[in-house]
Amino acid sequence: LRTVVPDPSAITIHTHHSFVRLPDEHYEPLVYDPRSGFLDPAYGGSFADYAVPVNEPVARAYVRRHRLKKLDPQASVSAPVEPIVYYLDRGVPEPVRGALLDGARWWDQAFIAAGYKNAFEVKLLPENADPMDVRYNMIQWVHRSTRGWSYGASVIDPRTGEIIKGHVSLGSLRVRQDFLLAEGLLAPYANRNNNPALEAFALARIRQLSAHEVGHTLGLEHNFAGSVNNRASVMDYPFPLITLTNGVIDVSDAYATGIGDWDKRAILWGYQDFPDGVDAREAREKIIAATYKSGLKYVADNDSRSVGSAHADGSLWDNGADPISELQKLRRIRTQVLENFSSDNIQSGRPLATLEEVLVPMYLLHRYQIQAVGKLIGGGYYTYNLKEDGQSGFVPVPQNRQDLALNELLELLQPKALLLPDTLSTLISPRPPGFPKGRETFARNTGPLFDRFAPAQAAVALTLDVLLNPVRAARLSNPGGAQQEKLNFDTLVSRLIDITGFQGKRGNQESDEIRRRTFNQVVERLIALATDPGVSDPVRGVVLLHLERLHEKLDKMKARGLSNEWRAHDALIKQRLSLVLDNPAQVPPLSKPVPPPGSPIGIH
C-alpha cells in the first residue's frame, strides 16, 4: 500500500463563513510573548522544530488567535476583511440568553480600541445548524448535575496557532449559584418570593462569565491581577463587590460591565493589523511597554491558583488593591449578614434545613480574601520580564505589610471571628426526607442535627491552609536572598501556637470549645508538616522544635486549675505529641476538616 499525500495547496479549512485556502492568503504566525496576556502555549500551542539553526530554540510557540485583517491596513480604523462571528446556542432560555449575548458582545469594545469597525459579532445559531460544525464559533449552554468549570476552548491549527473554531461551554447551574449568593446577602423573602435584585445580581455575573470564556477562545489567558487594577480585566475571576452603608448591604455594582483596560491592550497587541512599512515586532514591543508603564498588571494562572503561590497580586475571587483592608471590609459585611440571617433567606415553603445551603457561602464569605492576604506573607511582586525590556524583577512585600497580614489572619482564629449568632444555629432544622445532606453543607459529627461548631472548624481549616502552606513555609525559612525582607517561619509558628493555645480569657463554654477545636487543628497541621518527608528540612526542624517546647509547656501546666474539658484536651494533645517526638515516621495522620467546596463560584 502506498500512502498518498495530497497537495497542500488543495487543503481547505472550514471557518464560520467560508472556505479559506491557506496558501492563497498566508496566515502569519505570531510568536508567543509571556508578557502579552495570551494563553500559555504549553497547553496545546507549542511544538518542536529540530531543523532550526543551533542558535535558535527548538521549541516553537505561537499565539492562539483568530484570523483578522483590515480591509484597509493603512487606515487607523477599518472594517475587517471578514469579521469574527460567534453563535449562541438557541436552547438558552431568557433572560439568560440576553445576558450571554450582551456579555459576549462586550469584546467588540476591544476590537474598536484596536482600530477595527464591526469586527466582532455575536448571533443566534442558525436553525438546524450543528453546534459541533467547525464553521461556527459557539457559545453553548449545557446541563450538568454537579460542580464544574465553564470552558473556553479552541480548535487550532498547530502549525500556526490560528484558531479555526472557538467553543465556549457554560454550565446552566451557574446562574442558580449566583442567585443563591444574592439570597444570602440580601435576605429578600420577608414579604414576597420575587425580588428583582436577585435576578439582576445573577444576570450581571452571567454577562461577565460569557465575556470571560469568549476571551479564552480569542486566545487570552487569565489575568488574576485584574482585581487590584480596579477590575481591569474580565479574564480575572470576579468576587462580587459588596458595600455596606448604614447597615444596608448594596450589591448594585457587584460585577463590572464591559471589557477592561487590560483586555483592550492585550487584543491590541495580538490582533493589530499594522500598516505597510511598520515593523510589527517593534510596534508590539512598544504596545507592551506602554501597557505596563500605564500601571496595568498581569499575573497568570501558574502564579495565582495555588494557595502557596508567591505573587502578592495574583489571587482568585478577590477584590481591591489592598487585600488587608478588603478582608477587614468583608469581615464587617459578613458580621452584618450573619446577624441578619433568618428564615427570610429562603423562599416560603422551603424546609428550614435548607438554610444551611445559604449559610455556607455567607459564613465563608471571606474565604478567598484570606488567600489574598496570605500571599503577602513570604510573597512579592514581579513581572514576566525579558532581557533588557526594562521590567522589574522580584520585589518582596515590605516587612510591615507581612506583619499586618499575619495579624489579620491570626484574628480570624479567635472565637469572636468564628462564633455563630445564638439564634442562627437553632434556626436550622434537621434534614427532612427528600432533602439529604450534601457536600454543599458543612461536615458534621452530630448526625441529622446541625453541628454549631462545624462552620468554625471549616473556617479555621481555610486559614491554616494559608498560614501553614509548606511552600510558603519553605520561603519563610530561607535566610537572605531576594526574600530577606520577610517574616520568619519560626516567628509565625510561635505566634500561632501562643494565640490559639494560650491567649484569651477562658470560661465561656462555647468560646472555649472553639478554642480547643482550633488549637487541635493547629497542632495536627504542625504534626503533618513535621512528619511529611516532602516538606523541606528547615521547615520540619522548626516545627519539631516548637512541638517539643509545646509538650514541655503542657507538662508544666498540670497544676493549673483547669476544667475537665481542658484537661481532656491537653491530655489528647500530649499523647499525640509524645508519639511524634518518639517516632515521627510512625505517626498516622489524622483527617482534617474539609470545608464545603468554593471554587468555581457559580456552580451549585
Side-chain angles (χ1 to χ4, degrees), residues 26-49 52-53 55-69 73 84 107 110-111 113-116 152 154 156-163 166 215-226 229 232-236 259-275 278-304 311 313-314 381-394:
H26 179 61
Y27 177 87
E28 184 177 353
L30 175 57
V31 176
Y32 172 72
D33 188 316
R35 305 166 298 172
S36 67
F38 275 74
L39 284 162
D40 185 343
Y43 301 102
S46 63
F47 62 93
D49 183 354
V52 298
N55 63 334
E56 295 183 16
V58 170
R60 292 296 194 196
Y62 294 135
V63 165
R64 279 173 273 184
R65 57 178 182 158
H66 288 274
R67 182 182 300 233
L68 189 66
K69 293 288 184 180
I84 301 170
W107 281 106
F111 287 99
Y116 290 94
S154 301
I156 64 169
D157 182 342
R159 300 167 299 177
T160 63
E162 180 183 3
I163 296 173
H216 282 316
T217 68
L218 295 174
L220 297 187
E221 167 72 279
H222 290 125
N223 181 2
F224 291 123
N229 269 148
S233 178
V234 298
M235 302 314 296
D236 202 343
I259 293 299
D261 291 340
W262 168 264
D263 309 318
K264 293 176 182 178
R265 297 296 297 181
I267 291 294
L268 175 65
W269 181 88
Y271 282 89
Q272 179 63 275
D273 191 9
F274 297 102
V278 172
D279 184 324
R281 182 175 179 178
E282 183 179 322
R284 285 197 169 91
E285 187 65 30
K286 289 180 179 178
I287 289 172
I288 284 183
T291 297
Y292 285 99
K293 187 176 181 180
S294 72
L296 290 172
K297 299 180 179 182
Y298 170 50
V299 184
D301 235 277
N302 288 345
D303 294 286
S304 304
H311 203 303
D313 285 333
Y381 307 93
Y382 52 94
T383 62
Y384 305 116
N385 52 333
L386 306 183
K387 182 178 179 180
E388 298 177 355
D389 71 353
Q391 298 293 327
S392 61
F394 183 85

| query | Ring centres of Tyr62 and Phe47 under 6.0 Å apart? | reply | yes
| field | Nearest non-hydrogen partners of Asp389 and Glu285, listed with the distance | value | CB-OE2, 4.2 Å
| query | Quick one: CZ on Arg67 to CD1 on Ile163, what's the gap to the nearest 0.5 Å? | reply | 12.5 Å
| request: Give the minimum heavy-atom separation between Arg265 and Ile287, together with the two atoms involved. | output: NH2-O, 3.0 Å
| query | Are the side chain of Tyr384 and the backbone of Ala300 linked by a donor-acceptor contact shorter than 3.5 Å? | reply | yes
| message | Using the rule given for side chain to side chain contact (heavy atoms under 4.5 Å, CB included), can you reason through Leu386 versus Gln391, listing the C-alpha separation, both sets of side-chain angles and the distance that settles it, and then say yes or no? | response | CA-CA 8 Å; Leu386 306 183; Gln391 298 293 327; over 6 Å; no
| query | Hey, is the main chain of Val234 close enough, under 3.5 Å, to the side chain of Asp263 for a donor-acceptor pair? | reply | yes
| message | Please give me the minimum heavy-atom distance between Phe38 and Gly219, naming the atom from each residue. | response | CD2-O, 3.2 Å
| said: Arg35 vs Trp269, test: side chain to side chain contact (heavy atoms under 4.5 Å, CB included). Steps then yes/no. | reply: CA-CA 10 Å; Arg35 305 166 298 172; Trp269 181 88; over 6 Å; no
| task | In sequence, state the C-alpha distance, the side-chain angles, and the governing distance for Trp262 and Thr291, and then conclude on side chain to side chain contact (heavy atoms under 4.5 Å, CB included). | result | CA-CA 8 Å; Trp262 168 264; Thr291 297; 3.6 Å; yes
| query | Any donor and acceptor pair, going by atom type alone, linking the side chain of Ser233 with main-chain N or O of Met235 inside 3.5 Å? | reply | yes
| What is the distance from atom CG of Leu268 to atom CZ of Arg284, rounded to the nearest 0.5 Å? | 9.0 Å
| Thr217 side chain to Gly152 main-chain N or O, any donor-acceptor pair under 3.5 Å? | no
| field | Separation of Ile259 CD1 from Lys264 NZ (nearest 0.5 Å) | value | 8.5 Å
| query | Hey, what's the ring geometry for Phe111 with Tyr116, parallel, tilted or perpendicular (30° and 60° as the breaks)? | reply | perpendicular
| query | Taking Arg60 for the side chain and Asp49 for the main chain, is one N or O donor matched with an acceptor at less than 3.5 Å? | reply | no
| Ion pair Lys286/Glu282, N-O distance below 4.0 Å | yes
| Once you round to the nearest 0.5 Å, how far does OG of Ser294 lie from CG of Leu296? | 3.5 Å
| request: Locate the shortest heavy-atom distance separating Asp40 from Asn302; write the atom from each residue and the value. | output: OD2-ND2, 4.2 Å
| query | Which heavy atom of Lys297 sits nearest a heavy atom of Asn229, and at what distance? | reply | N-OD1, 2.7 Å
| query | Between His311 and Ser304, is there a donor-acceptor pair closer than 3.5 Å when you use the side chain of the first and the backbone of the second? | reply | no
| query | With distance as the sole test, does Tyr271 use its side chain to make a donor-acceptor pair with the main-chain N or O of Leu218 at under 3.5 Å? | reply | yes
| note | So CZ of Arg64 and CD of Glu162: to nearest 0.5 Å the spacing works out to 14.0 Å
| field | Verdict with supporting geometry, Ile84 and Leu68, side chain to side chain contact (heavy atoms under 4.5 Å, CB included) | value | CA-CA 7 Å; Ile84 301 170; Leu68 189 66; 4.1 Å; yes
| How close do Ile267 and Ala110 get, heavy atom to heavy atom, and via which atoms? | CG1-CB, 3.8 Å
| said: Nearest 0.5 angstrom please: Asp313 CG to Asn223 CG, how far? | reply: 10.0 Å
